[in-house]
Amino acid sequence: MARPASERVIAGRDSTIGRVSRVWYTAAMLDARYVTDHLDEVRASLARRGPGAAHLLDDVAPLAVSRRELIVALDALRAQKNEVSASLAKLDKKGEEFLRARDAMKVVGEQTKSLEVRLAAVEAELEDKLLNIPNLPHETAPDGTSEADNPVVRVWGEKPELAFAPRDHVALGEALGILDFERGAKISGTRFTVLRAHGARLERALMSFMLDVHSNEHGYEEIWPPVLIKDSAARGTSQLPKFAKDMFKLERFEEGEGARTLYLAPTAEVPVTNLHADEILEGAALPIGYTAYTACFRSEAGSHGRDTRGLIRQHQFDKVELVRFVTPETAMAEHAKLTSHAEAILEKLGLHYRTIELCSADLGFASRKTFDLEVWLPGQDAYREISSCSWFGDFQARRAKIRFRREAGAKPELVHTLNGSGLAIGRTLVAILEQYQQADGTVRIPEVLVPYMGGVRVITPKAR
RNA sequence: GGAGAGCUGGCCGAGUGGUCGAAGGCGCUUGAUUCGAAAUCAAGAGUGCCCGCAAGGGUACCAAGGGUUCGAAUCCCUUGCUCUCCUCCA
């Protein structure tokens, strides 16, 4: 058992099941076989997410059983059909023997058809159940019942000492003429904002800065993906079927059946993770890291009244994302690495933040383990999420069919996927405004951004 | 938007109703040969699902879905995608 430390931690409880080599990294969701074979364990794990979560498992086992029974019966019928068909090929097509056998096979064909229909129904129902079951929390994810139980993992920097009452980014941005909320609302409605002048420039500077750091220093390949996505992609990363209402759905103004629904990507995670959907990667190519800027679109259904002021919660915002495809045994270490890449951006910008870990109750649907980076906002007197770094195990990989082969000829295995914001650009801009504000209402530009700002060191009110 | 052509295994490419999971070539893996390599020769390689302790067996998959048929890669329909020409467009 000379595995690296990270693997041993992952193995943990799973290895007590036996079949160590195959099972110890299996996160298991959507694997009907694993769920039915380890029902109690899966139920216990889901229960950590909160009361009720385990009920999602109801009916899964019986459905899986009847699925298997139907397959056994169907395969037998098909085997019979194949066998008889082969002999029919050699017979005289007008002979009596042929005609008799043909009529007999008609019956078999009808039986086959009816079993196929039943199987399809059972599989659809089973899949529907499985798609709506969240991932199992990793055993190292802390227990908890609400976000209040999220432990602080580390803190970087200190709250800036301001010798004056800090203003929030809304006041600062409006006074500086760089954030125009009114006109954003006029054009597009609530939760849309117009960035102007040095505000617009700062947004662009942050985008370039983040992409440069991740591609030059952290080894990520830069990706510029489509942001209109098909439902199959959204399904792969698990925005669908459960979270359809969080996305903007586009209908084409077209008649006919060819008109296809597309969604506005809520995050670059969707197109970038799906880059390798339905692929078998070479083990030697792992880990693969991609970084991508995209605009992100969220309907924010269900968050009426929250963060209505300012840039914090927008229907459209900018984000640089990090995505990694890794082997199961390196996943935990890779997760820590990815988190550090996001943290590096905040540190280079000199922004005080803390890292928390989400407890089992606060974990996202697809995630087994998540670190959130929370940046300090003096104007709100609070830490606010600016990045979320998650390890999905093989959950997304199973949905999107992203696999790898350890070596030529080896059985394909599911990869593990990771992603994290690196960072949310709008919120970074907010943090800069609030942490770098000065008594006179001007805002200094972090040193690393000055080149990206064309030499501008301080944002001052625009002379009108 | 109009007209046409096409989608076969990692790649190229045969195959127009019956032992076709699919010829052939390239690539790949293993073995032989070699001091090594190249070349050559031989053998072997797809993916999912189901049964099985295993060995192994069964089944499905020729863009996707549906249909015809005893039987479909081959015929029909629908959809998607690719390519060519025209049109339009950043």
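Hydrogens, waters and symmetry mates are skipped; everything else that's a heavy atom, side chains included, is used. We name chains A, B, ... by the order of the sequence lines, and we start the count at 1 in each one. Quick caveat: nothing in here was measured; it's all calculated off a predicted structure.
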Euclidean distance for [atom1], [N] against [M] (whole angstrom):
{"N": "B/A90", "M": "B/C76", "atom1": "C1'", "answer": "41 Å"}
{"N": "B/U47", "M": "B/C11", "atom1": "P", "answer": "14 Å"}
{"N": "B/U8", "M": "B/G1", "atom1": "C1'", "answer": "32 Å"}
{"N": "B/G2", "M": "B/U79", "atom1": "P", "answer": "13 Å"}
{"N": "B/U19", "M": "B/G15", "atom1": "C1'", "answer": "16 Å"}
{"N": "B/C75", "M": "B/G6", "atom1": "P", "answer": "11 Å"}
{"N": "B/U40", "M": "B/C26", "atom1": "P", "answer": "8 Å"}
{"N": "B/C85", "M": "B/G44", "atom1": "C1'", "answer": "47 Å"}

Pair [X], [Y]: side-chain N/O donor-acceptor within cut-off below 3.5 Å:
{"X": "A/Lys249", "Y": "A/Thr261", "answer": "no"}
{"X": "A/Thr193", "Y": "A/Gln314", "answer": "yes"}
{"X": "A/Glu321", "Y": "A/Tyr220", "answer": "no"}
{"X": "A/Tyr263", "Y": "A/Asp231", "answer": "no"}

Could you write out each protein N or O paired with an N or O of nucleotides 43-47 of chain B at a distance under 3.5 Å?
unit_1: B/U47; atom_1: OP1; unit_2: A/Arg405; atom_2: NH1; d: 2.7
unit_1: B/U47; atom_1: O3'; unit_2: A/Arg403; atom_2: NH1; d: 3.0

* Asked: Side chain of A/His416, backbone of A/Thr327: donor and acceptor closer than 3.5 Å?
  -> no
* To do: Output yes when a side-chain donor or acceptor of A/His341 lies under 3.5 Å from a complementary backbone atom of A/His218, and no otherwise.
  => no
* Before accepting this row, confirm whether a basic side-chain N of the pair A/Lys337/A/Glu334 lies closer than 4.0 Å to the acidic partner's carboxylate O. => yes
* Does a salt bridge link A/Glu300 with A/Arg191, judged by any charged N lying under 4.0 Å from a carboxylate O? ->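 The answer is no: the pair does not qualify as a salt bridge.
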* Those residues that, when tested against A/Ser388, pass side-chain hydrogen bond (donor to acceptor under 3.5 Å, both in side chains) (two or more places apart) ->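 Only A/Asp372 meet the side-chain hydrogen bond (donor to acceptor under 3.5 Å, both in side chains) criterion with A/Ser388.
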* To do: Produce a footprint string for nucleotides 52-77 of chain B: one letter per nucleotide, 5' end first; B if the base is under 4.0 Å from any protein heavy atom, S if only the sugar-phosphate is, - if neither.
  => ------BSS---------BS------
* Asked: Could you give all pairs that pass the side-chain hydrogen bond (donor to acceptor under 3.5 Å, both in side chains) test and reach residues 264-277 of chain A, with sequence neighbours left out?
  ->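 Residue pairs with at least one partner in residues 264-277 of chain A: A/Thr267-A/Lys319, A/Glu269-A/Gln396, A/Glu269-A/Asn419, A/His276-A/Glu279, A/His276-A/Tyr290.
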* Structure fact -> Residues passing the side-chain contact (heavy atoms from CB on, under 4.5 Å) test with A/Asp278, sequence neighbours excluded, are A/Lys401
* To do: Identify the nucleotide, in any strand shown, that forms a Watson-Crick or G-U wobble pair with B/A63, with both distances under 3.5 Å; if there is none, say none.
  =>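 Matched B/A63 with B/U79 under the 3.5 Å cut-off.
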* Asked: How do A/Ala86 and A/Arg67 order along RNA chain B: which one's closest nucleotide is nearer the 5' end?
  -> A/Ala86
* Proximity to RNA chain B (any heavy atom under 4.0 Å), residues of residues 221-238 of chain A only ->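 Nucleic-acid contacts, sorted: none.
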